[in-house]
S.K.: 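Sharing a structure below in structure tokens format, with a few things to ask.
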Amino acid sequence: MRVILTMASAVHWFRKGLRLHDNPALLDAVQNPTTTYVLPVFCLDPIFLRPETVGVNRMNFLLECLQDLDQQLRKLHSRLFVLRGNPLEQLPVFFRKYHTRLLTFEFDTEPYAKQRDTQVRRLCAELGIEVRTRATHTLYDPEDIRRELGDRPTPLTYKSFYAFVTERLGQPMSALDAPAPASGFQTPDVDLDTYTVPSLSELEAYQGLEVETPFRGGETEALRRMENFLRERADEVRSFAKPATSPTAWPVASTTQLSPYFKFGCLSPRLFVERVRSLRPLQQPPVSLIGQIWWREFFTYVAYVTPHFHQMQGNPICRQIPWREAADDARYRAWEEARTGYPWIDACMVQLRQEGWLHHLARHAVACFLTRGDLWVSWERGRETFDRLLVDADYSLNNANWLWLSSSAFFHQYYRVYSPISFPQKYDPNGEYVRHFLPVLKEMPSKYIYTPWLAPVVVQKKAKCIIGEDYPHPIVDHAVVMRENMRRMREALDAGAPQRVPKRPRRDANEASSSSSSS
DNA sequence: GAAATGGTTGGCGCA
DNA sequence: CTGCGCCAACCATTT
């Protein structure tokens with residue numbers, strides 16, 4: 001053992017991309033001719049080890065991913081080394097200990113990762129360690145897209161992005177196999193009792209917190225779920241049209257629920273696209289299943305090239321709107337804690353907290369309600385809640401969707417507001433979804449399930465649910481605040497863009513206007 | 001450069 | 001139960 005430890009090692013640093021299949025950066029480490037063995041590493045960065053930042057459901061999911069990774073690596077006579085602490089401190093210690101000469105990792109587009117990786121590269125340069133990265137979180141390398149775009153502006157619509165990338169870059173690379181047992185993958189039997197994958201209870205900040213999510217982490221589970229879905233629901237895969245799926249389907253969701261696995265890279269988007277394509281889907285992007293992967297591609301790219309993408313201030317594509325900002329705002333708290341008095345909204349927020357997942361349209365409903373629809377609270381607050389509670393929380397997609405729903409970017413038809421009453425009604429007229437996640441409303445007649453405050457007191461008594469005692473009164477009058485908010489939005493747009501002139505005089509304007517186009 | 005087109009997924013009242 | 005016009009009139013992109 002002492003002999004092998006004097007030989008040069010390659011370290012593959014897992015961050016996302018928690019998989020062995022389609023992992024070219026890992027293969028780079030395995031196949032590198034000038035290093036003798038490979039050390040697969042994950043670093044538990046304390047910045048993420050806080051329940052206020054990463055909820056217990058996602059932390060548990062991550063640990064399960066690491067356990068699975070370790071088990072899969074052991075089948076290759078390797079293992080996972082879990083470091084604990086800031087990677088900028090822990091990695092160099094590890095590098096010195098094992099004479100590292102090559103570091104490989106998956107390219108990451110997020111702001112925190114970008115600055116962290118820049119510092120790690122600098123550090124490796126000082127230590128004489130070569131660094132090689134591959135972009136495999138998405139179908140395409142974002143840098144390839146940027147290069148092709150050149151001086152052109154960033155496409156801000158799905159269609160223009162999709163058209164440009166498919167035309168200029170053609171098909172994405174095909175997915176690679178996991179390293180074979182005889183691939184020369186060698187890891188020494190060292191430090192067997194250290195660098196192990198911790199259990200949740202070993203993480204001090206998470207002690208005593210209950211894991212409720214039904215999602216089990218790991219590449220093995222990801223591949224199993226994907227293949228199950230493709231086999232058992234092949235017809236749905238072929239005819240899949242996202243807007244036609246139901247947000248109230250429970251416990252069997254109307255979508256694949258693979259998002260947590262894509263978030264952590266347990267599943268390669270390239271592999272998924274290839275497997276779906278083999279079933280010859282009938283629909284096309286943007287609504288098709290493969291079209292969903294392209295939404296991810298689009299939002300990841302725009303998030304990558306847009307400064308301050310995660311906030312309103314300094315974000316060049318974000319509408320400037322005077323939202324309520326305070327995190328202690330009673331409205332925000334009521335929304336987050338499922339106390340708005342609108343059963344559909346509250347049921348969604350309970351599912352989010354319990355399962356760490358919501359159907360896309362349910363996310364729309366609660367996001368619209370918090371921001372432009374009803375409560376006029378900043379999308380950044382809602383983003384934070386989602387970021388903490390979603391198992392699939394992804395920086396780019398989460399921020400992009402909040403920008404979208406608040407009509408701050410991408411989507412601009414702010415007068416299209418989701419009704420917290422009629423929207424769920426068309427999917428689930430009896431409110432089964434609400435009854436499950438809000439058992440207090442279990443016996444409320446279907447007629448009042450989305451509007452229990454309208455139920456006569458005798459009906460409330462019979463249902464054992466008195467509004468104002470057992471379940472709250474509605475926090476706002478949707479019909480009223482919706483109008484108010486539309487007016488606010490209009491005013492914000494006028495204030496923020498004084499150069500823009502209405503093409504036609506507005507009807508509610510008092511001016512007897514003939515001012516068609518002024519300068 | 002002006003005008004037209006289109007935008008994954010709204011709600012409502014009415015025929 | 002479906003389709004249509006209306007609500008009020010957004011923005012990015014194409015023509």
Side-chain angles (χ1 to χ4, degrees), chain A residues 149 152-164 167 239-249 254-255 281-299 302 306 316-321 344 348 358-369 371-374 397 400-401 403-427 429 450-451 478-497 499-509 513 516-519:
Chain A
L149 276 168
R152 266 170 274 259
T154 304
L156 291 177
T157 65
Y158 181 100
K159 207 180 163 184
S160 58
F161 176 84
Y162 180 76
F164 184 85
E167 196 206 314
S239 62
F240 188 95
K242 185 64 164 280
T245 59
S246 167
T248 59
S254 60
T255 52
L282 304 167
Q283 304 287 336
Q284 292 298 313
V287 299
S288 66
L289 210 40
I290 288 169
Q292 305 313 300
I293 296 298
W294 276 93
W295 280 103
R296 184 173 178 272
E297 202 75 12
F298 171 47
F299 285 150
V302 179
T306 305
I317 67 167
C318 181
R319 267 318 72 79
Q320 302 299 303
I321 296 164
W344 160 241
C348 289
L358 281 177
H359 183 277
H360 191 57
L361 291 178
R363 301 184 195 204
H364 277 211
V366 299
C368 184
F369 188 90
T371 57
R372 64 187 170 85
D374 295 80
L397 310 193
N401 280 300
L403 283 161
W404 183 295
L405 261 300
S406 60
S407 70
S408 297
F410 305 111
F411 174 88
H412 309 279
Q413 289 155 288
Y414 60 85
Y415 38 86
R416 292 187 173 184
V417 175
Y418 288 89
S419 162
I421 299 155
S422 54
F423 181 74
Q425 219 143 26
K426 69 184 174 211
Y427 296 98
Y450 296 114
T451 54
H478 173 72
V480 172
V481 295
M482 182 185 71
R483 295 276 152 215
E484 227 172 81
N485 291 346
M486 282 187 194
R487 181 183 51 74
R488 280 184 172 135
M489 189 67 81
R490 176 70 222 174
E491 284 168 4
L493 294 174
D494 285 346
Q499 76 283 6
R500 185 155 26 77
V501 174
K503 293 199 176 78
R504 265 168 283 160
R506 263 175 292 135
R507 286 175 201 205
D508 59 345
S513 56
S516 52
S517 59
S518 53
S519 54

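To find a chain, count down the sequence lines: A is the first, B the second, and so on, and within it residues start at 1.
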S.K.: Does the gap between the ring centers of A/Tyr158 and A/Trp295 come in under 6.0 Å?
M.R.: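 Yes, they do, as the ring centres are separated by less than 6.0 Å.
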S.K.: Taking B/dT5 as the reference, what is the distance to C/dG5 when you measure between their P atoms (whole Å, please)?
M.R.: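 My reading of the P atoms in C/dG5 and B/dT5 gives 16 Å.
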S.K.: For DNA chain B, determine which residues of residues 240-247 of chain A have any heavy atom closer than 4.0 angstrom to one of its atoms, and list them numerically.
M.R.: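 DNA chain B contact set from residues 240-247 of chain A: A/Lys242, A/Pro243.
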S.K.: Taking the side chain of A/Arg490 as heavy atoms from C-beta outward, which of B/dT8, C/dT13, C/dA9 is closest to it?
M.R.: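 Taking heavy atoms from C-beta onward, the closest nucleotide is C/dA9.
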S.K.: Using side-chain heavy atoms (C-beta onward) and a distance below 4.5 Å, is A/Leu358 in contact with A/Arg363?
M.R.: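 Result yes, sub-4.5 Å side-chain heavy-atom pair found.
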S.K.: With a non-hydrogen cut-off below 4.0 angstrom, is A/Phe423 in contact with a base, only sugar-phosphate, or nothing?
M.R.: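 Sugar-phosphate only.
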S.K.: Between N or O atoms, less than 3.5 Å apart, protein on one side and nucleotides 13-15 of chain B on the other: list the pairs.
M.R.:
none

S.K.: Please list, chain by chain and in numerical order, all residues satisfying side chain to side chain donor-acceptor pair (under 3.5 Å) with A/Ser246, sequence neighbours excluded.
M.R.: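 Listed in chain order: A/Thr248.
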S.K.: Represent DNA chain B in dot-bracket notation, 5' to 3'. Only Watson-Crick or G-U wobble pairs with both distances under 3.5 Å count; pseudoknot-style crossings use [ ] and interstrand partners use |.
M.R.: .||||||..||||||
S.K.: What's the closest nucleotide to the side chain of A/Arg319 if the choices are C/dC11, B/dT8, C/dT13?
M.R.: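 The nucleotide sitting nearest to the side chain is C/dC11.
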S.K.: Looking only at side-chain N and O atoms, does A/Thr157 come under 4.0 Å of OP1 or OP2 in C/dC11?
M.R.: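 Answer no for this pair, as no side-chain N or O of A/Thr157 is under 4.0 Å from OP1 or OP2.
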S.K.: Could you tell me if the side chain of A/Met486 sits less than 4.5 Å from the side chain of A/Tyr415, heavy atoms only?
M.R.: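 A/Tyr415 vs A/Met486: side chains touch.
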S.K.: When you measure from every atom of DNA chain B, which of residues 411-418 of chain A have a heavy atom less than 4.0 Å away?
M.R.: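 Per residue number, the list reads A/Gln413, A/Arg416, A/Val417, A/Tyr418.
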S.K.: Counting only side-chain nitrogens and oxygens, does A/Ser419 get under 4.0 Å of the OP1 or OP2 atom of B/dG10?
M.R.: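 Answer is no, no contact under 4.0 Å.
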S.K.: Please measure how far the P atom in B/dT8 lies from the corresponding atom in C/dT14, and state the result in whole Å.
M.R.: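 These two P atoms come out 13 Å apart once rounded.
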S.K.: Does A/Pro155 reach a base, just sugar-phosphate, or nothing at all? Heavy atoms under 4.0 Å.
M.R.: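 Sugar-phosphate, no base atom in range.
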S.K.: Should A/His359 and A/Thr255 be marked as a side-chain hydrogen bond (donor to acceptor under 3.5 Å, both in side chains) after you check the CA-CA gap, both sets of side-chain angles, and the distance that decides it?
M.R.: CA-CA 8 Å; A/His359 183 277; A/Thr255 52; 4.8 Å; no
S.K.: If I pick the C1' atom on B/dG1 and the same atom on C/dA12, what distance separates them, to the nearest angstrom?
M.R.: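 Pairwise C1' distance, C/dA12 against B/dG1, rounds to 16 Å.
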S.K.: Suppose you measure atom P in C/dA9 against the same atom in B/dG7; what distance do you get, rounded to whole Å?
M.R.: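 22 Å, rounded to whole Å.
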S.K.: Ring centres of A/Tyr162 and A/Trp294 under 6.0 Å apart?
M.R.: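 Centroid distance A/Tyr162-A/Trp294: below 6.0 Å, so yes.
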S.K.: Who passes side chain to side chain donor-acceptor pair (under 3.5 Å) against A/Gln413, sequence neighbours left out?
M.R.: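 A/Gln413 satisfies side chain to side chain donor-acceptor pair (under 3.5 Å) with no residue once adjacent residues are dropped.
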S.K.: For A/Trp295 and B/dT8, is the gap between ring centres under 5.5 Å while the planes differ by less than 30°?
M.R.: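 Aromatic stack with B/dT8 present for A/Trp295.
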